[in-house]
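What follows is a single structure, written as structure tokens, with notes after it.
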Amino acid sequence: MLEVSYLREHRNEAVQRLAKRKLQADITINDILRLDEQRRSNQSELDAVLAESNQLSKEIGQLFKEGKKDEANAMKAKTADLKEKSKELQVEQDQIKHALENLLVTLPNTPHANVKEGASAEDNEEIKVVGEKPLLSSDAQPHWELADRYKLIDFELGVKISGAGFPVYTGKGARLQRALINFFLEQNLEAGYVEYQPPHFVNEASGFGTGQLPDKEGQMYHMEKDDLYAIPTAEVPLTNIFRDTIVKSEDLPVRCTAYTPCFRREAGSYGKDVRGLNRLHQFDKVEVVNICKPEDSYGILDEMVAHVGGLLEKLGLHYRILRLCGGDMGFTSAMTYDFEVWSAAQGRWLEVSSVSNFETYQSNRLKLRYRAEDKKTQLCHTLNGSALALPRVLAALLENNQSAEGIQIPEVLVPYTGFDKIS
RNA sequence: GGAGAGAUGGCAGAGUGGUCGAAUGCGGUGGUCUUGAAAACCAUUGACCUUCACGGGUCCGGGGGUUCGAAUCCCUCUCUCUCCGCCA
């Protein structure tokens with residue numbers, strides 16, 4: 001959620017930046033500023049009425065104490081008007097606040113100045129390409145065929161137990177999953193992150209805090225009976241650990257990492273996008289979250305990008321980094337880098353990580369602040385990224401490392417898998 | 001699932017109709033003392049909205065009510081804890 005004070009002081013800048021998303025926001029922002037104006041003038045009017053009313057009550061109390069009952073009772077009559085008036089103003093104020101809030105939540109984050117304007121993935125900027133496309137023989141197979149051939153993943157079994165998009169990993173497939181999770185977590189620990197095991201179901205306040213609600217309501221699994229949401233990413237519980245807190249300045253930056261399964265309804269997806277491991281309802285991911293001072297956030301974003309790139313290099317995967325254009329970025333992000341690995345047998349790029357700086361957009365909702373040097377509280381910046389999402393990494397590993405002899409496991413993973421080849 | 005208790009400042013914990021944004025202790029910060037530290041002592045220490053400022057207002061789990069006046073009384077919701085039951 002954008003800060004009203006920001007919109008007030010930098011109206012034109014906000015409009016310009018939102019235009020990078022191909023969003024015409026000036027009307028909404030004007031409405032917001034008008035409501036904010038109303039809110040403030042209404043509030044000061046209400047405050048004045050309440051101040052007078054408080055004053056009278058004190059005097060009445062004093063009169064009763066002095067035994068001047070008649071005078072006190074006479075004074076009571078005067079409060080009736082004030083009471084009436086304050087009630088009216090309060091009702092009005094609540095309406096204004098609701099209207100303001102309803103408008104505010106419709107505005108996405110303002111893209112950073114360096115983010116390119118654009119409508120869709122077509123306009124994303126390719127920042128860096130690492131490695132080369134592996135040369136595979138003409139009979140190379142896509143990962144779903146390899147998974148079947150080596151009995152690594154049973155998609156049919158998942159359909160029987162749950163439905164499409166819920167694969168069952170078996171044998172070396174399951175062990176490879178576990179190895180990847182451990183490898184990623186260990187690498188994150190080495191980079192200074194603290195490991196967490198958060199809940200996999202969250203309440204509505206948490207969903208709102210990180211911005212999934214109300215924006216992505218339909219994309220989350222919701223348990224009506226208990227009013228809980230299955231997490232679409234560990235970002236939600238991890239970041240919400242710090243909801244409604246004032247972090248000590250010297251404790252920043254806070255760095256945390258967690259492995260969790262992620263649940264997504266993926267309503268509306270179809271075709272080759274959902275084949276095999278490309279898009280699932282349940283998948284595994286190791287996430288990193290950073291909370292820091294505003295002046296540090298873009299440095300930390302670069303750090304995260306370097307860290308995630310390092311993971312992919314250790315796995316020997318050919319990948320590229322994209323800086324998303326305004327229109328392709330998530331609702332809550334100010335700048336996002338996507339990491340895509342090359343899927344040799346499918347001949348396409350697959351997204352395996354998304355690293356974003358949310359600036360104060362989430363912390364404003366979360367009421368996540370720190371105490372600055374001048375002793376005042378100030379909103380933190382929040383960032384997160386996948387390090388990494390497993391299914392597409394697995395897909396690329398299987399496809400790119402296949403040969404007639406089987407599938408070669410990257411050296412860095414062998415200590416975690418306990419085997420170096422699938423055959 | 002059954003029974004009971006509770007929700008107050010960073011934490012612990014008083015407060016049962018006005019002088020309570022709230023005792024006290026711990027913690028934090030500043031100081032005195034000390035070669036330094038500890039101890040002791042003194043002072044200070046919640047958040048939010050609004051104002052250039054002075055000031056004003058809101059907040060004692062959420063919402064509603066009674067009253068001139070509510071942390072305190074009433075209704076309601078949510079959550080937590082304890083005991084019993086069930087159970088990984």
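The sequence lines fix the lettering, A, B, ..., with proteins before strands; numbering per chain opens at 1. These numbers come from the heavy atoms of this one structure, side chains and all, not from hydrogens, waters or symmetry mates.
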Paired nucleotide for [N] [Watson-Crick or G-U wobble; both distances under 3.5 Å]:
| N | answer |
| --- | --- |
| B/U44 | B/G28 |
| B/G17 | none |
| B/G1 | B/C84 |
| B/A53 | none |
| B/C73 | B/G65 |
| B/U78 | B/A7 |

Would you please classify the geometry between the [Y] ring and the [X] ring as parallel, tilted or perpendicular, with 30° and 60° separating the classes?
| X | Y | value |
| --- | --- | --- |
| A/Tyr221 | A/Phe166 | tilted |
| A/His112 | A/Tyr298 | tilted |
| A/Tyr416 | A/Phe183 | perpendicular |

Tell me whether the side-chain N/O atoms of [X] come closer than 4.0 Å to OP1 or OP2 in [N].
| X | N | answer |
| --- | --- | --- |
| A/Lys248 | B/G10 | no |
| A/Arg369 | B/C48 | yes |
| A/Arg371 | B/G28 | no |

Could you check whether [X] gets within reach of a base, just the sugar-phosphate, or nothing at all, counting any heavy atom under 4.0 Å?
| X | result |
| --- | --- |
| A/Ser57 | base |
| A/Leu50 | sugar-phosphate |
| A/Ser53 | nothing |
| A/Asn54 | sugar-phosphate |

[N] to [M] separation - [atom1] atoms, rounded to the nearest Å:
| N | M | atom1 | result |
| --- | --- | --- | --- |
| B/U45 | B/G25 | P | 15 Å |
| B/G61 | B/U78 | C1' | 8 Å |
| B/G30 | B/C54 | P | 25 Å |
| B/A23 | B/C11 | P | 16 Å |
| B/G57 | B/A71 | P | 14 Å |
| B/G65 | B/A70 | P | 12 Å |
| B/G15 | B/U72 | P | 15 Å |
| B/G63 | B/U58 | P | 14 Å |

Can you work out whether A/Lys83 or A/Leu46 has the more 5'-proximal nearest nucleotide on RNA chain B?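 Between the two, 5'-proximity favours A/Leu46.
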In terms of the nearest nucleotide of RNA chain B, which residue is placed more toward the 5' end: A/Ala51 or A/Ala80? A/Ala51
Look at the side chain of A/Thr377 and decide which nucleotide, out of B/C48, B/C49, B/G56, has an atom nearest to it. B/C48
Please determine, for the side chain of A/Ile246, which listed nucleotide (B/G56, B/A47, B/C68) has the closest atom? B/A47
Just by distance, no angles: are the side chains of A/Glu235 and A/Gln362 close enough, under 3.5 Å, to form a donor-acceptor pair? yes
Atom-to-atom span, NZ of A/Lys376 to P of B/C48 - whole angstrom: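 The distance from NZ of A/Lys376 to P of B/C48 comes to 11 Å, rounded to the nearest Å.
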Would you kindly give the CD1-to-P distance between A/Ile60 and B/A70, to the nearest whole Å?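 Nearest whole value for this atom pair: 12 Å.
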CG (A/Leu56) and NZ (A/Lys83) are apart, to the nearest 0.5 Å, by 13.0 Å
Is it the case that the base of B/G57 and the side chain of A/Asp47 share a donor-acceptor contact (distance under 3.5 Å, atom types as modelled)?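 Result: no qualifying N/O pair found.
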For A/Phe283, does the six-membered ring have the charged nitrogen or CZ of A/Arg264 within the cation-pi criterion, i.e. under 6.0 angstrom from the centroid and within 45° of the normal? no
